[in-house]
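The figures that follow rest on heavy atoms only: side chains count, while hydrogens, waters and symmetry mates do not.
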Amino acid sequence: MRTFCFHESSCVRVVLSAAAAIMQIGILTFVPDAALAHGERNQEPFLRMRTAHFYDVKWSTNEIPVNGEIVVTGKFRLFPIWPVNLPLPEAAFLGNGTPGPVLARTESYINGVPAIQSTKLELNRDYEFKTVLKGRVPGYHHVHPMINVMGAGPLLGPGNWLTVTGNESDFKLSIKTLSGETIDNLETWGLGRVFFWHGLWVAIAIVWLVWWLRRPLLLPRFRALTEKGGDRSQLVTSTDRLFGAGLLVATILTVFFGFQATDTAYPRTVPLQGSRATVEPLPEVPEQVKVVVNKSNYDVPGRSLRMNVTLTNNGSSSAQLGEFLTSNQRFINHEVSQAMATVDPNYPKELLPPNGLKVSDSRPLKPGETKTVDIEAADAAWETERLSSLINDPDNTLGGLLFFYDEHGKRTISNVSGPMVPVFTDPDNRTAENPKGGAG
């Protein structure tokens, strides 16, 4: 120690620092921490903006006991400008995004059709979903609806926190089979048979390995293969051949009689389902308001998305812009009471940016009227949700939904998309050369 430390105090500090580092690593490794991260933030913005947009999502409750149920319902629209680098949703599966198997999914539906199989989904069409989840592991969990697309991966909807109380050991997943048999707990049913067969094959493998490892392996075999006049016949003896043949016969007989015993015990079996369900999308509703993006940019220092759009009302009733939805973030126009009325008090607050949506002209758009307005969605959510990294995307294209309301509260939905240009100066023109802003 004296060789490397000039002073005793230095040595003490080095030792204490090393001990502290080892303790910290041990704590981080062995002490479990609450999983409070939002997994959807790790997905690229183009994936969240231009694939599936979830809306009208509701969670039936925010607290259940073990074995209790929560129902998640809502709708989603597959965006028409699907990323070209992703496979089309030819095979999609309705799932749920949770931190591990903390919930058991007992029912799932798309447009009322049981979604126990994958299905083909169409772009620019809407679908209604429902999933029933059963509490399994106590804790504080983030629950998302999710669409898994073959080749593209999971597409997460909005998430809400769920508290599961009770003891994990009390969990039971009971079902009644088509033959009328009741299984008390599907989670533990048949485990004895699984353990038996795994143990049997592991035992056979160990016997086979021990047979060859019971005698010297390396040097005698090396000499028999490399030395001139080596006796290679001793590498595999007649006893080895007999033992191998006997083990082969025993394995075949084990498989045969095991199949017979299983077939006798379970005469009615259903093969794994390889087909895909057929789900028709919801009836197509023409866009009442046509949206043309004239210009859009993202103000980096101001953390604000600004769009200049031209709106044309092709419907027979008025239309007032009430909400902009993208990447599960709902920017609500606080000046539109019909839009504010759609916000459930229990909806996740982190998905409702408090600044809302600013529209330069919030007056209702009359039938046949066309006008150009400026839209601003400014909030720290662009940074906290890692959506601002869209400026690093090669095509820099944003996507979302605009919700319009008439005087009776009837809602129509229009797609909005277009190229986005990053702006690195804020509205007050503050720059490095002009830190105070203003005219300069």
Side-chain angles (χ1 to χ4, degrees), residues 66-67 91 93-96 98 100-108 113-119 131-137 148 150-151 167-222 224-225 231-278:
V66 170
N67 295 315
F93 181 75
L94 175 64
N96 57 284
T98 56
V102 296
L103 302 173
R105 187 170 65 252
T106 58
E107 299 179 51
S108 57
V113 178
I116 58 178
Q117 296 171 310
S118 297
T119 183
T131 57
V132 181
L133 308 172
K134 192 174 184 179
R136 180 173 177 268
V137 178
N148 291 283
M150 184 174 65
N167 299 315
E168 184 177 354
S169 58
D170 296 334
F171 175 75
K172 285 187 177 182
L173 187 58
S174 302
I175 65 167
K176 187 175 183 179
T177 65
L178 296 176
S179 60
E181 177 188 0
T182 299
I183 298 176
D184 184 55
N185 190 2
L186 191 62
E187 189 173 60
T188 57
W189 180 75
L191 280 182
R193 185 178 292 268
V194 173
F195 291 150
F196 168 77
W197 283 105
H198 277 76
L200 177 61
W201 294 121
V202 169
I204 292 176
I206 292 175
V207 169
W208 180 250
L209 290 175
V210 170
W211 175 263
W212 293 102
L213 296 175
R214 78 189 194 283
R215 55 191 177 185
L217 293 176
L218 299 180
L219 290 179
R221 292 178 178 275
F222 177 77
L225 293 172
D231 187 5
R232 298 189 179 188
S233 63
Q234 297 302 313
L235 296 179
V236 181
T237 65
S238 58
T239 305
D240 294 332
R241 293 188 180 91
L242 288 174
F243 179 79
L247 191 61
L248 176 61
V249 172
T251 301
I252 295 175
L253 292 176
T254 300
V255 173
F256 176 76
F257 286 109
F259 171 78
Q260 293 295 330
T262 303
D263 188 57
T264 301
Y266 306 100
R268 299 186 183 92
T269 58
V270 178
L272 294 176
Q273 302 298 298
S275 63
R276 294 175 184 170
T278 300

All salt bridge (Lys or Arg N to Asp or Glu O under 4.0 Å) counterparts of D170, not counting sequence neighbours
none

CZ of R214: more than 12 outside heavy atoms within 6.0 angstrom?
yes

Give, for atom CG of L173 and atom CD1 of I183, the distance between the pair rounded to the nearest 0.5 Å.
9.5 Å

Residue L178 excluded, over 12 heavy atoms near CG under 6.0 Å:
no

Return the CG to CG distance between N148 and N96, rounded to the nearest 0.5 Å.
9.5 Å

List the atom of V137, the atom of E168, and the distance in Å for their closest heavy-atom pair.
CG2-OE2, 3.8 Å

Check for a donor-acceptor pair, side chain of S118 on one end and backbone N or O of A91 on the other, with a separation under 3.5 Å.
no

Does any part of the side chain of F259, heavy atoms only, come nearer than 4.5 Å to the side chain of T262, both counted from C-beta?
no

Which distance, rounded to the nearest 0.5 Å, do you find between the CD of E181 and the NZ of K176?
11.0 Å

Rounded distance [0.5 Å steps], CD1 in I206 versus CG in L213:
11.0 Å

Which residue pairs pass the side-chain hydrogen bond (donor to acceptor under 3.5 Å, both in side chains) test when at least one of the two sits in residues 200-212, sequence neighbours left out?
W211-D240

Quick check: closest heavy atoms across S108 and L94, and the distance to 0.1 Å?
CB-CD2, 4.1 Å

Shortest non-hydrogen separation from G135 to L103 and the atoms involved
CA-CD2, 3.7 Å

Set out, in order, the CA-CA distance, both residues' side-chain angles and the distance that settles side-chain contact (heavy atoms from CB on, under 4.5 Å) for T188 and F171, then state yes or no.
CA-CA 10 Å; T188 57; F171 175 75; over 6 Å; no

Taking salt bridge (Lys or Arg N to Asp or Glu O under 4.0 Å) as the definition, give me every residue that meets it alongside E107, ordered by chain and number, with sequence neighbours left out.
none

Reported OG-to-CG distance for the pair S174 and N185, which is rounded to 0.5 angstrom:
6.5 Å

Quick one: does V236's side chain get under 4.5 Å of R241's, heavy atoms only?
yes

Could you measure the distance from the CZ atom of R105 to the OG1 atom of T98? Nearest 0.5 Å is fine.
9.0 Å

Let me see the working for K172 and D184 under side-chain contact (heavy atoms from CB on, under 4.5 Å), right down to the final yes or no.
CA-CA 7 Å; K172 285 187 177 182; D184 184 55; 3.3 Å; yes

Does any N or O in the side chain of R136 come within less than 3.5 Å of the main-chain N or O of P101, such that one atom is a donor and the other an acceptor?
yes

